[in-house]
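The next block holds one structure in the form of C-alpha cells; read it before the comments.
Lettering follows sequence order; numbering is per chain, from 1. Note that the coordinates shown come from a computational prediction; the quantities given were computed from them, not determined experimentally.
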2 protein chains.
Amino acid sequence: MNEAVVLTSERILEVTEDVLRRYGLAKATVVDVARALDVSHGSVYRHFPSKASLREAVAKRWLERVSKPLAQIAAEPGPAPVKLERWLRELFDAKHKRVCEDPEMFATYLTLAREACSVVKAHKQDLIAQVEGIIAEGVAQGAFDVADPKIAAAAIFDATRSFHHPAHADEWADCTCSTRVDAVLTLLLRGLAAR
Amino acid sequence: MNEAVVLTSERILEVTEDVLRRYGLAKATVVDVARALDVSHGSVYRHFPSKASLREAVAKRWLERVSKPLAQIAAEPGPAPVKLERWLRELFDAKHKRVCEDPEMFATYLTLAREACSVVKAHKQDLIAQVEGIIAEGVAQGAFDVADPKIAAAAIFDATRSFHHPAHADEWADCTCSTRVDAVLTLLLRGLAAR
DNA sequence: GCGCTGACAGATTTCAATATCTGTCAGCAC
DNA sequence: GTGCTGACAGATATTGAAATCTGTCAGCGC
C-alpha cells in the first residue's frame with residue numbers, strides 16, 4: 001500500500017539528479033542510482049534502455065525547466081519590443097543564476113547536454129520558435145519591420161549567444177557583463193524596429 | 001658560415017608548428033622540437049623559459065596571422081558601413097577557412113589559445129579596437145548613430161560570437177550558416193545606422 | 001667568455017594488471 | 001503473468017610501477 005516504493009521514471013530521474021549532485025557526473029553509476037532507490041540496477045534498465053538514455057532524460061528535464069517560464073512570457077499580451085527584451089533578459093538571468101548558484105551542477109548539466117545533442121537541438125528550436133512568435137506579433141503591431149520572422153528569430157538567437165550559450169559562462173561573472181547585455185539588446189531592438 | 005644553423009626564436013617557432021602538426025598537441029614534447037632543430041633541448045630553454053611560454057608564443061603567432069589582414073581592412077578609406085561588413089565577413093571567413101581546411105590544427109591552436117588566455121584577451125582587445133575605429137569613422141561620416149563607439153564595438157563583437165568564437169566552430173559547416181551570417185549582419189547594421 | 005651539451009631530480013605520462021561497471025537474461029516471488 | 005533480482009560476459013575505469021618528460025646547471029669546446 002506504500003505508494004512511495006512504486007518505481008516510476010519520474011522518481012528515477014529525481015533520484016538520479018540527487019546522485020549526480022552527490023557523486024559528480026564522472027563517478028555516478030547506474031548502480032549508485034539503483035542503490036539510492038533501494039532496487040537492483042536491473043530495475044532501472046526496465047525504465048531506461050541505457051545509461052545514455054537516462055542521462056538524456058535528465059538533460060531534457062533540466063532544459064524544460066529553462067524553457068517553461070519563457071513560454072509563459074511569450075504567451076502574455078503586450079507590446080512586442082518590451083516583451084522581447086523581457087524574454088531575453090529572463091533567458092540570460094536563468095542561465096546566469098544557474099551558473100553562479102551551483103557551478104558544479106551547471107558543469108554537470110552542460111556535459112549531459114553535450115552528449116544529448118538531439119535534445120539540445122529540439123530545445124533550441126523551441127526557444128527560437130518562441131522568439132519567432134514574439135517577432136511576428138511585433139510585425140502585426142507595426143513595431144517591427146522584418147522580412148521573415150523565422151530568420152529574424154534565428155538572428156536574435158545567434159546575436160545573443162554570448163549571454164546564453166554555456167561556452168561563454170566564464171564571462172558571465174564579469175562586472176562589465178550587464179553593460180554588454182544592455183548594449184547588445186539596444187542594438188538588436190533598434191535593428192528590428194520599424195522607422 | 002652556414003646561417004641556417006643559427007638558432008633564433010623565430011626558427012624555433014616555425015619548427016614547433018611543424019612538430020605540432022606532425023605529432024599532435026598532446027604528444028609533442030620539447031625534446032621533439034629540439035630533435036627537429038638538431039640541438040639539445042637545453043638550447044630551446046635558452047630562448048623560451050618554459051614549455052608553456054613556447055606554446056604561448058605559437059598561439060600569439062597564430063592570432064597575429066588573423067588580425068593583420070583585418071587591420072589592413074580597417075585602415076582602408078571608404079564608407080564605414082561597407083567597411084564594417086567587409087571586416088566582419090573577412091573575420092568569419094578567416095576562421096571558417098582555418099577550421100575547414102585543417103580541423104586538427106585548428107583544434108591544436110584552440111587548445112593553445114585556451115592555455116594562453118592573456119594572449120587571447122589582448123587579441124580580443126585588438127580586434128574590438130579595430131571595430132571601434134571603424135564605428136567612430138561611421139559616426140563622423142554621419143552614417144552611424146551611436147552614443148559610445150567603444151561600447152558599440154564590444155556589442156558588435158559580442159553579437160557576432162556565433163560566427164567567430166571557436167566554441168561554435170561545429171556549426172560553421174552547416175549549410176544554413178551563410179544565411180544566418182547575412183541575417184545577423186543586416187540586423188546589426190540596421191541597429192547602428194543613423195535614420 | 002660564450003653558447004651548447006647532456007646528466008640529473010622531480011614531475012608527469014604510459015601501460016598492463018586489476019577492479020568496477022554496463023547491459024542481459026534466466027529464474028524467483030507474488 | 002508481472003515485475004524484480006542477481007549472476008554473468010564484455011566493456012570501461014582505476015591503480016601503481018616503469019618509462020618519459022621538464023627544467024636546471026656544471027662543465028666542455030670553440
Side-chain angles (χ1 to χ4, degrees), chain A residues 1-60 104 107-108 111-112 114-116 118-119, chain B residues 1-60 104 107-108 111-112 114-116 118-119:
Chain A
M1 275 295 172
N2 187 350
E3 290 295 329
V5 298
V6 174
L7 193 59
T8 63
S9 299
E10 187 58 25
R11 212 164 94 72
I12 293 174
L13 288 177
E14 280 166 23
V15 169
T16 302
E17 284 197 14
D18 279 353
V19 168
L20 285 172
R21 189 163 269 115
R22 211 179 292 277
Y23 295 69
L25 183 60
K27 296 208 167 175
T29 71
V30 176
V31 174
D32 292 328
V33 173
R35 200 175 4 246
L37 285 159
D38 205 35
V39 296
S40 73
H41 74 281
S43 300
V44 174
Y45 280 98
R46 200 154 282 285
H47 292 83
F48 296 93
S50 66
K51 187 183 184 180
S53 75
L54 175 57
R55 290 173 144 214
E56 188 176 291
V58 171
K60 198 172 175 187
E104 280 182 42
T108 295
T111 306
L112 286 177
R114 274 193 216 283
E115 288 170 4
S118 70
V119 170
Chain B
M1 277 296 174
N2 188 348
E3 291 295 328
V5 298
V6 174
L7 193 58
T8 63
S9 298
E10 187 58 25
R11 212 165 95 71
I12 292 174
L13 288 177
E14 279 167 22
V15 169
T16 302
E17 283 196 15
D18 280 352
V19 169
L20 286 172
R21 188 164 270 116
R22 211 179 292 277
Y23 295 70
L25 182 60
K27 296 208 168 176
T29 69
V30 176
V31 174
D32 292 329
V33 174
R35 200 175 4 247
L37 284 160
D38 205 36
V39 296
S40 73
H41 74 280
S43 301
V44 175
Y45 281 98
R46 199 155 283 284
H47 295 266
F48 295 93
S50 66
K51 187 182 187 181
S53 76
L54 175 58
R55 290 174 148 217
E56 189 178 289
V58 171
K60 198 173 174 187
E104 279 183 43
T108 294
T111 306
L112 286 178
R114 272 192 218 285
E115 289 170 3
S118 69
V119 170

Can you check the [X] [atom1] to [N] [atom2] distance for me, whole Å?
{"X": "B:Leu25", "N": "C:dT13", "atom1": "CG", "atom2": "C1'", "answer": "15 Å"}
{"X": "B:His47", "N": "C:dC2", "atom1": "NE2", "atom2": "C1'", "answer": "13 Å"}
{"X": "A:Asp38", "N": "D:dC4", "atom1": "CG", "atom2": "C1'", "answer": "13 Å"}
{"X": "B:Leu37", "N": "C:dT5", "atom1": "CG", "atom2": "C1'", "answer": "15 Å"}
{"X": "B:Ile12", "N": "C:dG3", "atom1": "CD1", "atom2": "P", "answer": "14 Å"}

Point to revise | Which residues share a side chain to side chain donor-acceptor pair (under 3.5 Å) with B:Glu10, sequence neighbours left out | key: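 B:Glu10: side chain to side chain donor-acceptor pair (under 3.5 Å) contacts with B:Arg61.
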Exercise for review: Tell me, please, which residues at least two apart from A:Ser40 pass side chain to side chain donor-acceptor pair (under 3.5 Å).
Suggested key: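 With sequence neighbours excluded, A:Ser40 shows a side chain to side chain donor-acceptor pair (under 3.5 Å) to A:Ser43, given in chain and number order.
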Review point. How would you list all residue pairs meeting salt bridge (charged side-chain N to carboxylate O under 4.0 Å, His left out) that involve residues 43-58 of chain A, not counting sequence neighbours?
Key: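 Matches after skipping sequence neighbours: A:Arg55-A:Glu115.
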Mind listing the N/O atom pairs, protein and nucleotides 21-30 of chain C, below 3.5 Å?
from	atom 1	to	atom 2	distance (Å)
C:dT22	OP1	A:Val30	N	3.2
C:dT22	OP1	A:Lys51	NZ	2.9
C:dT22	OP2	A:Val30	N	3.2
C:dG23	OP2	A:Tyr45	OH	2.8
C:dG23	OP2	A:Lys51	N	2.6
C:dG23	N7	A:His41	NE2	3.2
C:dG23	O6	A:His41	NE2	3.0

Point to revise | side-chain contact (heavy atoms from CB on, under 4.5 Å) between A:Leu20 and A:Leu112, intermediate numbers included | key: CA-CA 11 Å; A:Leu20 285 172; A:Leu112 286 177; 4.0 Å; yes
Practice item. State which residues pass side-chain contact (heavy atoms from CB on, under 4.5 Å) with B:Arg21; sequence neighbours excluded, sorted by chain then number. Key: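 Applying side-chain contact (heavy atoms from CB on, under 4.5 Å) to B:Arg21 gives B:Asp102, B:Met105.
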Cut-off 3.5 Å, no hydrogens considered: what does the side-chain donor-acceptor table look like for residues 25-38 of chain B, sequence neighbours left out?
from	atom 1	to	atom 2	distance (Å)
B:Thr29	OG1	B:Val31	N	3.3
B:Thr29	OG1	B:Asp32	N	3.0
B:Thr29	OG1	B:Asp32	OD2	3.1
B:Asp32	OD1	B:Arg35	NH2	2.9
B:Asp32	OD2	B:Thr29	N	3.0

Exercise for review: Considering just the side-chain nitrogens and oxygens of A:Ser43, establish if one lies under 4.0 Å of OP1 or OP2 belonging to D:dT5.
Suggested key: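 Affirmative; the distance criterion is met.
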